[in-house]
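Because the structure is a prediction, the values reported are computed rather than measured. Positions are given from 1, in the same order as the sequence printed here.
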Amino acid sequence: MGSVLLSHPIFAKINRVDSLRVWPSPTSTRVVFDLAAEPEYTYFPLTNPERLVIDFDNTDKKVDFSQFDISGDLIKNIRHSTPKHDDGIRVVIELNRKAKPEIFAMPPTEPYGDRLVIDLIDSRPAAPQVVLDRTQNQRDRDIIVAIDAGHGGEDPGSIGPSGTYEKNITLSISRKLETLINAEPGMRAVMIRTADYYIHPNRRPELAREHKADLLISVHADAFHSPQPRGASVWVLSMRRADNELGRWMENTERHSVLLGGAAEVITDKASERYLTETILGLSMDYSMATSYDVSESILRELKKVTKLHKRAPQAASLAVLTSPDIPSILVEVGFISNPQEEKNLNWAKYRQDLAESLFTAVSHFFRKTPPEGTLWASQRAEQRTHKVRSGESLSLLAQRYNVKVSSIKQANNMTSDMVRIGQVLTIPRI
């Protein structure tokens with residue numbers, strides 16, 4: 001009898017819904033139920049009209065869903081319905097169109113407690129931001145830089161001692177960098193995350209590929225368990241992780257076709273296909289990693305003009321966002337948000353602008369020297385002239401002689417001052 005009494009529902013702990021948060025993104029909408037304890041739940045979809053029904057067992061009914069903000073256009077309404085059991089609640093998510101649900105519980109992680117997370121994969125996602133130039137058969141004439149603002153949505157990233165969320169800092173810097181890149185003829189930025197929502201780290205390089213990016217920059221702010229560390233750093237993919245990722249990509253034939261492009265059409269011998277694919281992917285990854293390292297060095301040279309460097313050379317790590325074999329990818333830690341002074345700096349708009357400008361300067365200088373084939377900058381570089389400086393010549397004199405701007409000569413030669421020396425060979429752009 002004792003065991004029967006102890007198992008009766010009146011002795012069970014009553015759960016409750018403390019809050020509801022909705023995070024729309026271009027491809028999905030995340031709904032998060034903040035709970036007092038780990039949820040007991042079941043769910044099922046309904047059609048005509050489209051709905052998702054969630055039954056929470058052993059949960060207090062006293063929650064008013066009308067008080068919560070429902071953002072985006074995928075969800076029409078969230079409401080109560082007749083519960084399956086007297087001790088629970090039934091929640092109905094009304095949808096404007098079909099969406100595939102992915103549902104899972106999450107344990108407490110600062111600053112949140114227990115949660116039930118529902119990802120609604122939109123049947124009509126937003127169109128890609130970048131469309132290839134119709135006059136080009138092979139690629140866009142612009143150099144495309146994918147900018148990934150770290151974290152987002154219910155994932156705040158690191159939290160500073162004054163309560164600053166990393167996700168807000170990274171989005172602000174990324175937007176400033178986007179503005180600078182889009183103002184530069186021959187370059188175009190695409191934002192991996194355009195607002196405050198979550199994207200899985202593995203999905204971020206995939207989005208960069210869908211946008212045909214020439215470079216992926218992931219912006220983050222570091223943290224440590226003590227407040228002393230400070231300074232910026234730049235990270236590239238470690239060789240060990242790269243080898244593992246190459247093996248993983250080898251097993252996914254659909255991604256082979258994406259990476260190989262036209263080459264995939266001529267690989268027909270099944271016995272030798274793996275070896276040829278491995279060679280092509282290996283060469284692609286070697287190029288991406290070498291380019292990532294070169295861009296990282298350029299960024300570090302510019303960042304040290306704005307802030308202290310935590311690491312003076314590019315660092316290697318196994319980070320999911322860096323695992324694209326065919327797109328040079330780097331992760332920039334703009335500082336330690338756990339350091340009180342750096343947190344204060346990162347909350348200063350002018351400082352974030354300076355960081356964005358240093359990233360832009362580094363990336364634009366790199367691509368001016370080595371523009372991807374088929375781009376506007378590649379064609380301009382092919383038209384460039386050279387001039388060997390003689391005694392008595394200056395930048396202003398050369399600019400007048402060749403009918404170009406002094407700033408154009410400086411940019412083409414990565415110069416930071418107007419000083420020239422006898423015998424110096426300068427690139428003279430035709431712009």
Side-chain angles (χ1 to χ4, degrees), residues 6-25 27-47 50-72 74-95 98-123 125 150-159 165-167 193 195-204 206 320-321:
L6 288 173
S7 63
H8 194 276
I10 64 171
F11 293 97
K13 181 179 178 181
I14 297 294
N15 204 346
R16 69 176 184 276
V17 177
D18 289 330
S19 182
L20 170 69
R21 292 174 286 124
V22 178
W23 308 95
S25 80
T27 58
S28 64
T29 294
R30 171 166 285 194
V31 181
V32 182
F33 291 90
D34 291 303
L35 301 155
E38 182 180 354
E40 301 173 37
Y41 67 96
T42 57
Y43 68 94
F44 58 91
L46 294 172
T47 58
E50 300 294 332
R51 289 153 291 164
L52 179 67
V53 179
I54 308 103
D55 285 305
F56 290 91
D57 295 334
N58 191 32
T59 302
D60 194 320
K61 297 178 175 62
K62 296 177 182 177
V63 55
D64 178 10
F65 291 116
S66 65
Q67 67 178 306
F68 302 115
D69 179 41
I70 301 175
S71 303
L74 178 60
I75 297 176
K76 181 187 300 183
N77 188 30
I78 299 179
R79 59 176 173 81
H80 284 281
S81 185
T82 305
K84 181 170 64 173
H85 302 299
D86 290 341
D87 64 345
I89 61 172
R90 170 167 285 185
V91 180
V92 179
I93 301 177
E94 299 178 353
L95 303 171
K98 187 180 290 294
K100 177 185 176 183
E102 295 179 356
I103 302 181
F104 53 95
M106 292 189 69
T109 53
E110 288 294 333
Y112 304 113
D114 280 287
R115 287 153 289 167
L116 183 69
V117 179
I118 303 169
D119 284 330
L120 298 166
I121 312 304
D122 202 329
S123 60
H151 306 281
E154 68 158 349
D155 172 19
S158 300
I159 303 174
Y165 283 4
E166 179 184 358
K167 66 175 184 178
R193 176 168 73 88
D196 187 15
Y197 52 83
Y198 177 78
I199 302 176
H200 193 282
N202 291 334
R203 177 65 177 144
R204 297 174 189 239
E206 293 175 356
V321 74

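- Within a 6.0 Å sphere centred on CD of Glu50, heavy atoms belonging to other residues, nucleotides or ligands number more than 12.
- Nearest approach of Tyr197 to Ser25, heavy atoms of both residues: CD1-CB, 3.1 Å.
- In terms of heavy atoms, Ile89 sits closest to Pro83 at CA-CB, 4.1 Å.
- In this structure, Leu35 CG and Glu40 CD are separated by 11.0 Å, a value rounded to the nearest 0.5 Å.
- Separation of the Phe56 and Phe33 ring centroids falls under the 6.0 Å cut-off.
- Under the side chain to side chain donor-acceptor pair (under 3.5 Å) criterion, Asp60 pairs with no residue, sequence neighbours left out.
- The 12-atom threshold is exceeded at CG of Asp64, counting heavy atoms of other residues, nucleotides or ligands nearer than 6.0 Å.
- With rounding to the nearest 0.5 Å, the separation of CG in Leu52 from CD1 in Ile103 is 4.5 Å.
- Rounding to the nearest 0.5 Å places CD1 of Ile70 at 9.0 Å from CD of Glu94.
- Rounded to the nearest 0.5 Å, atoms OG1 (Thr47) and NZ (Lys98) are 6.0 Å apart.
- Ser71 approaches Val22 most closely through the heavy-atom pair O-CG1, 3.8 Å.
- Between Val63 and Val91 there is no side-chain heavy-atom pair separated by less than 4.5 Å.
- Checked by atom type and distance alone, the side chain of Lys84 never pairs as donor or acceptor with a backbone atom of Asp57 at under 3.5 Å.
- Expressed to the nearest 0.5 Å, how far CG of Asp87 lies from OG1 of Thr59 amounts to 8.0 Å.
- Looking at residues two or more places apart in sequence or on another chain, you find a side-chain contact (heavy atoms from CB on, under 4.5 Å) between Ile159 and Pro111, Pro156, Tyr165.
- With hydrogens and angles disregarded, a donor-acceptor distance shorter than 3.5 Å links the side chain of Arg193 to the backbone of His151.
- The backbone N or O of Asn202 lies less than 3.5 Å from a partner atom in the side chain of His200, making a donor-acceptor pair.
- Residue Ala99 comes nearest to Leu120 through the heavy atom pair CB-CB, 4.1 Å, listed as atom of the first residue, atom of the second, then distance.
- Asp18 is linked by a side chain to side chain donor-acceptor pair (under 3.5 Å) to Arg16, counting only residues two or more places apart in sequence or in another chain.
- Taking all atoms of both residues into account, the shortest heavy-atom contact from Ile93 to Ile75 is CG2-CG2, 4.0 Å.
- Shown here are the side chain to side chain donor-acceptor pair (under 3.5 Å) partners of Asp196, two or more places apart in sequence or in another chain: Lys167.
- Annotation: side chain of Thr27 is not in contact with side chain of Asp122 (no heavy-atom distance under 4.5 Å).
- Taking 4.5 Å as the limit, every side-chain heavy atom of Phe68 sits out of range of all side-chain heavy atoms of Ile78.
- Separation of atoms OG (Ser66) and CG (Leu20) is listed at 11.0 Å; rounding is to 0.5 Å.
- Residues satisfying the ring pair (Phe, Tyr, Trp, His ring centres under 6.0 Å) criterion with His80, sequence neighbours excluded, are Phe65.
- Listed by chain and residue number, Asp55 satisfy the side chain to side chain donor-acceptor pair (under 3.5 Å) test with Arg90 (two or more places apart in sequence, or in another chain).
- Under the 4.5 Å side-chain criterion, counting only non-hydrogen atoms from C-beta, Tyr112 is not in contact with Val32.
- For Glu154 against Trp23, the heavy-atom pair with the smallest separation is N-CE2, 3.6 Å.
- Under the 3.5 Å distance criterion, the side-chain polar atoms of Thr29 are left unmatched by any main-chain donor or acceptor of Leu74.
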